Amino acid sequence: MSDHSITSAPLPRPGGLAARAQAAPAAGYLSGLNPEQRQAVEATDGPVLVLAGAGTGKTRVLTTRIAHLIATNRAFPSQILSVTFTNKAAREMKERIGHLVGAVAEGMPWLGTFHSISARILRRHAELLDLRSDFTILDTDDQIRLMKQVIQAEGIDEKRWPARMLSGFIDSWKNRGLAPKDVAPGEAAVFANGKGGTLYAAYQDRLKTLNAVDFGDLLLHCLTLFREHADVLATYHERFRYILVDEYQDTNTAQYLWLRLLAQGRRNIACVGDDDQSIYGWRGAEVDNILRFEHDFPGATVIRLERNYRSTGHILATAAKLIARNESRLGKTLRTEDELGEKVTITGAWDSQEEARLITDEIEAMQLKGENLAEIAVLVRISAQMRELEERFVQTGVPYRVIGGPRFYERAEIRDAMAYLRCVVSPTDDLAFERIVNVPKRGLGDATIQILHNHARATGFSLLQSARAIVESDELKPKARTSLRELVEAFGRWSQRAEHMPQGELAELVLEESGYTEMWQKDRSADAAGRLENLKELVRSLDEFPDLPAFLEHVSLVMDADSGDSAERVSIMTLHGAKGLEFDTVFLPGWEEGLFPNQRALDESGRAGLEEERRLAHVGLTRARKRLKLYFASNRRIHGLWQSSLPSRFIDELPEEHVEVVQAATNYSQGGYGASRFDRMESFGSSYNTPGWQRAQENKARGGGSGFSENGSGFGGNGFGNGRQRGPLLIEGELTAKSSGTSAFDTGARVFHVKFGPGSVASVDGNKLTVDFDKAGRKMVLDSFVQKAG
DNA sequence: GGCACTTCAATTTTT
DNA sequence: TTGAAGTGCC
């Protein structure tokens, strides 16, 4: 059932390479592919690495390959695993496969991001990992809030050791596929004087308790599942006849291991990527994965796509020359049969304002000539560069849009609304509850939350459940108690409604009754209207899903901002954000030492950092189809201070015959282009001696740490001490309460309550005690808040 | 709990 | 310079 020729469409004859074309008649979908592309499509079996340079038809190869697998009956759509990094890429692939093979693509259940596919697998086998199949997926925000709690619980000063930082460490461990037990002790110790490992483990424990996973866990738990349950892995080997991976150069170690485990079965894995476009090393991507492919998958076929269909000659030559400077690369040379086109221009400006002015002027001129603004992009190294450009655009009335920035589901109002819905769906979602318990303001501040937490910890209930118990007691002041009771009752009501009501309607009801909508309606700030609009949009999109849980999954894994407006505007974005896009005209401002290559990348990652910056430059250059314009400014304001800067070494690395210096900076008169201090650079090693590099080397030699002189002496001696004392007292009571189903207190017993002081138990009703306090009088309290007193 | 004030740091970003 | 996040005061 595996036959190559299924139709008799004539073989396409790509110009100039006819000699190769003598294979069997090709299927229609193969027409128009060049020989390398076609080879990449037809090399179906065994490991394949497709090195697809920028603009060489990478997505086309991927989608055609899938169509080919299906059309030749090698696999059903449901037997093909195709992984991408972003949802956008997954969506585009689905769409394009749809064009190729028709409705069959609907049945490609295993086309998605690493994370969404992992989530899918995990939900099926959750019980094997000590999770329930309805586990929640936490995003970064939840993650950090949870981490804060863990850090506090360990009695560590959160200011000295920020949760964000630990979160970063844990993320990078997870990126490398390391569970708490796998982290090298020395490495785990860098955080909080040796507590890093403990905290990581504690964090994982908390997640388990909450029946939650973070993004990294999706991959990590899958690895555990595959490794510890050979039978489960075998079913996936059976299922996935073919594996395809997009943007392989961006995979991190965990993803690599994930792929390797799955590919072990049939060994039909095709990875498509471009080592020259690996720009995410800083978030765990390992260029090494792609560089090592042939070693990892022996007998691999490697196919290079070097024929570029995007850029004109000068542009392509410029990009090729620059990237050739990198040492860690597999090596490709992009070619084009297109005309040379316009030379790449380099313009020096006195300062960043002049730079913005020059760019704006050019854009205006192009606009007058009738160019489509949607085909123009300004790509910057760091977001901070955007401001001056935007200011100038606003001044001159050039329409623009900023691409990137906070995503729809990251916005506070969306996250708040979702937290409400999460609480309705699962009353044990403490993080969600905590997020909205006092939003809008209900007078339920830290003190109240603390009480809820104490009870929750003591009883093992969730916060919402604890709240339900606590409002029946006198633990809270009347005001807070009433307020909390209302909230608890509202959640009870909403949960009931959830069973019958369409989720969109329910969401509207929840947002209305909780006062959340009102909160923004009353808000006088400028963006309130936008936020209400976003909420409406959220409610609208809710109805596109079968149920609320499906929606929540979608939002945590899949949703991204779809700026669907197609008006003609110039795009401004970071170089990272531009990967995968192309424009007729590309402006690249800020090519200065320190900014680009970025000093920090150099300091932190040395040579590897420089090479990644160079790849980033290469990505920028290859975004342009027809016109490419680089800029540098001699003066730029950095953190508010004016600093003078030198043109980027990357400028000196461009081929003179393909670039044109339009205008030297006023103060850049020592010879202009071709005479800078970088001219002498023969090879990387000899010239790499910037101050930052030297500093980095010195630090490394000293052994890294810059010696925190910590001598935990008298700081906060008294206020802190009180809090300390309270901890153990409570735990005593907690244990008692936990161990027995009913209260451990008898009528008449003497007890001590943190807030009300000593008293005698008057009566007992389950976990509720009526106590006559010596000073505070008769109160109803929960047993978890008192301890026995002598 | 909300405000005005100080302090501190400061790439790139997806899931 | 800006912005977030924390502090202190009412």
Side-chain angles (χ1 to χ4, degrees), chain A residues 83-90 112-119 137-144 148 158-159 162-165 168 171-172 174-175 213-220 222 246-247 250-252 254-255 258 278-285 352 379-388 391 403-407 409-410 438-448 479-480 483 553-561 573-580 590 594-605 609 612-613 615-617 619-620 636-643:
Chain A
V83 231
T84 63
F85 264 85
T86 64
N87 296 302
K88 195 173 156 218
T113 62
F114 277 102
H115 295 268
S116 64
I117 290 171
S118 295
I137 299 165
L138 303 187
D139 60 29
T140 323
D141 209 73
D142 290 327
Q143 216 183 101
I144 287 169
K148 275 197 178 131
E158 213 256 296
K159 273 183 215 122
R164 191 169 289 280
M165 187 191 206
D171 250 12
S172 68
K174 289 182 176 175
N175 282 161
V213 302
D214 63 23
F215 285 123
D217 283 338
L218 290 170
L219 271 296
L220 201 57
C222 267
D246 190 18
E247 306 278 19
D250 287 339
T251 49
N252 60 38
Q255 287 155 343
W258 190 97
S278 164
I279 55 175
Y280 286 111
W282 50 273
R283 64 177 196 212
S352 43
L379 311 182
V380 296
R381 176 61 184 80
I382 62 171
S383 321
Q385 289 172 260
M386 292 181 182
R387 178 196 304 249
E388 278 175 313
E391 277 171 6
I403 300 194
R407 259 144 263 291
Y409 67 85
E410 276 169 6
N438 202 29
V439 181
K441 297 267 180 282
R442 299 189 173 91
L444 303 172
D446 286 348
T448 311
K479 221 173 128 196
S483 186
E553 172 102 356
H554 176 83
V555 176
S556 47
L557 282 175
V558 182
M559 200 143 163
D560 45 21
M573 67 190 96
T574 63
L575 286 160
H576 285 92
K579 191 163 80 143
L595 178 62
F596 192 33
N598 193 273
Q599 192 57 48
R600 207 153 149 181
L602 263 37
D603 288 346
E604 281 167 15
S605 316
E612 181 153 315
E613 293 287 299
R615 290 193 290 267
L616 193 53
V619 166
R636 189 175 293 275
R637 214 165 24 184
I638 300 197
H639 307 326
L641 299 170
W642 281 99
Q643 315 240 274

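The structure displayed is predicted, hence computed values, not measured ones.
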Listed pairs, N/O of protein and of nucleotides 1-4 of chain B, under 3.5 Å:
{"unit_1": "B/dG1", "atom_1": "OP1", "unit_2": "A/G445", "atom_2": "N", "d": "3.4"}

| field | Integer-rounded Å distance: B/dT13 P and A/H115 NE2 | value | 17 Å
| remark: Here the distance between atom P of B/dT11 and atom CZ of A/R636, to the nearest Å, is 14 Å
| request: Decide yes or no on side chain to side chain contact (heavy atoms under 4.5 Å, CB included) for A/T574 and A/M386, but give the supporting numbers first. | output: CA-CA 9 Å; A/T574 63; A/M386 292 181 182; 3.9 Å; yes
| field | Atom pair distance, as rounded to whole Å: CD in A/Q643 and P in B/dA10 | value | 16 Å
| What pairs with A/K441 under side-chain contact (heavy atoms from CB on, under 4.5 Å), at least two apart in sequence or on another chain? | A/N438
| Nearest-nucleotide 5' precedence on DNA chain B, A/F215 against A/S383 | A/S383
| field | Whole-Å distance separating the OH atom of A/Y280 from the C1' atom of B/dT13 | value | 6 Å
| query | Between A/T574 and B/dT11, is there a side-chain N or O to OP1/OP2 distance below 4.0 Å? | reply | no
| Can you tell if the side chain of A/L595 reaches within under 4.5 Å of the side chain of A/Q385, non-hydrogen atoms only? | yes
| query | Which residues pass the side-chain contact (heavy atoms from CB on, under 4.5 Å) test with A/S483, sequence neighbours left out? | reply | A/R442, A/L444
| Which residues satisfy the side chain to side chain donor-acceptor pair (under 3.5 Å) test with A/E553, sequence neighbours excluded? | A/R123
| request: Assign A/E613 to base, sugar-phosphate, or nothing according to its heavy-atom contacts below 4.0 angstrom with the strands shown. | output: base
| query | Rounded to the Å, how far apart are A/L575 CG and B/dT11 P? | reply | 15 Å
| Does some side-chain heavy atom of A/Q255 sit less than 4.5 Å from a side-chain heavy atom of A/V83? | no
| task | Could you go through the side chain to side chain contact (heavy atoms under 4.5 Å, CB included) check for A/M573 and A/L379 one step at a time? | result | CA-CA 5 Å; A/M573 67 190 96; A/L379 311 182; 3.5 Å; yes
| message | Which residues pass the side-chain contact (heavy atoms from CB on, under 4.5 Å) test with A/A601, not counting sequence neighbours? | response | A/N598, A/E613
| query | Is the backbone of A/L557 close enough, under 3.5 Å, to the side chain of A/N87 for a donor and an acceptor to pair up by distance? | reply | yes
| note | Contacts of A/D214 meeting side chain to side chain donor-acceptor pair (under 3.5 Å) (sequence neighbours excluded), chain-then-number -> A/K174, A/Y203
| request: Go through the steps to decide whether A/I279 and A/L575 satisfy the test side chain to side chain contact (heavy atoms under 4.5 Å, CB included), and finish with yes or no. | output: CA-CA 9 Å; A/I279 55 175; A/L575 286 160; over 6 Å; no
| field | Distance in angstrom units between A/W282 CH2 and B/dT13 P, rounded | value | 6 Å
Just the atom pairs and distances: protein N or O near nucleotides 1-5 of chain C's N or O, under 3.5 Å.
{"unit_1": "C/dT1", "atom_1": "N3", "unit_2": "A/H639", "atom_2": "O", "d": "3.3"}
{"unit_1": "C/dT1", "atom_1": "O4", "unit_2": "A/H639", "atom_2": "O", "d": "3.4"}
{"unit_1": "C/dT2", "atom_1": "O3'", "unit_2": "A/R387", "atom_2": "NH2", "d": "3.4"}

| What's the shortest heavy-atom distance between A/L602 and A/P597, and which atoms? | CD1-CB, 3.9 Å
| remark: Rounded to whole Å, the CG-P distance (A/D246 to B/dT15) equals 13 Å
| query | What is the distance, rounded to the nearest whole Å, between atom CG of A/D171 and atom P of B/dT13? | reply | 16 Å
Dump every N/O contact between nucleotides 5-9 of chain B and the protein below 3.5 Å, one line per pair.
none

| B/dT11, B/dT13, B/dT15: which one has an atom nearest the side-chain heavy atoms of A/T86? | B/dT15
| request: Kindly confirm whether the side-chain ring of A/F85 is stacked on the base of B/dT15, judged by centres under 5.5 Å and planes under 30°. | output: no
| Of all residues at least two apart in sequence or in a different chain, which pass the side-chain contact (heavy atoms from CB on, under 4.5 Å) check with A/R387? | A/E391
| query | Which residues satisfy the side chain to side chain donor-acceptor pair (under 3.5 Å) test with A/R600, sequence neighbours excluded? | reply | A/E604
Detail all sub-3.5 Å separations between protein N/O atoms and N/O atoms belonging to nucleotides 8-10 of chain C.
none

| message | Test of understanding: with side chain to side chain donor-acceptor pair (under 3.5 Å), list the residues that count as partners of A/S118, not counting sequence neighbours. | response | A/W258
| query | Would you say B/dT15 has OP1 or OP2 under 4.0 Å from some side-chain N or O of A/N87? | reply | yes
| query | Any N or O donor-acceptor pair linking the side chain of A/R381 to the base of B/dT12 at under 3.5 Å? | reply | yes
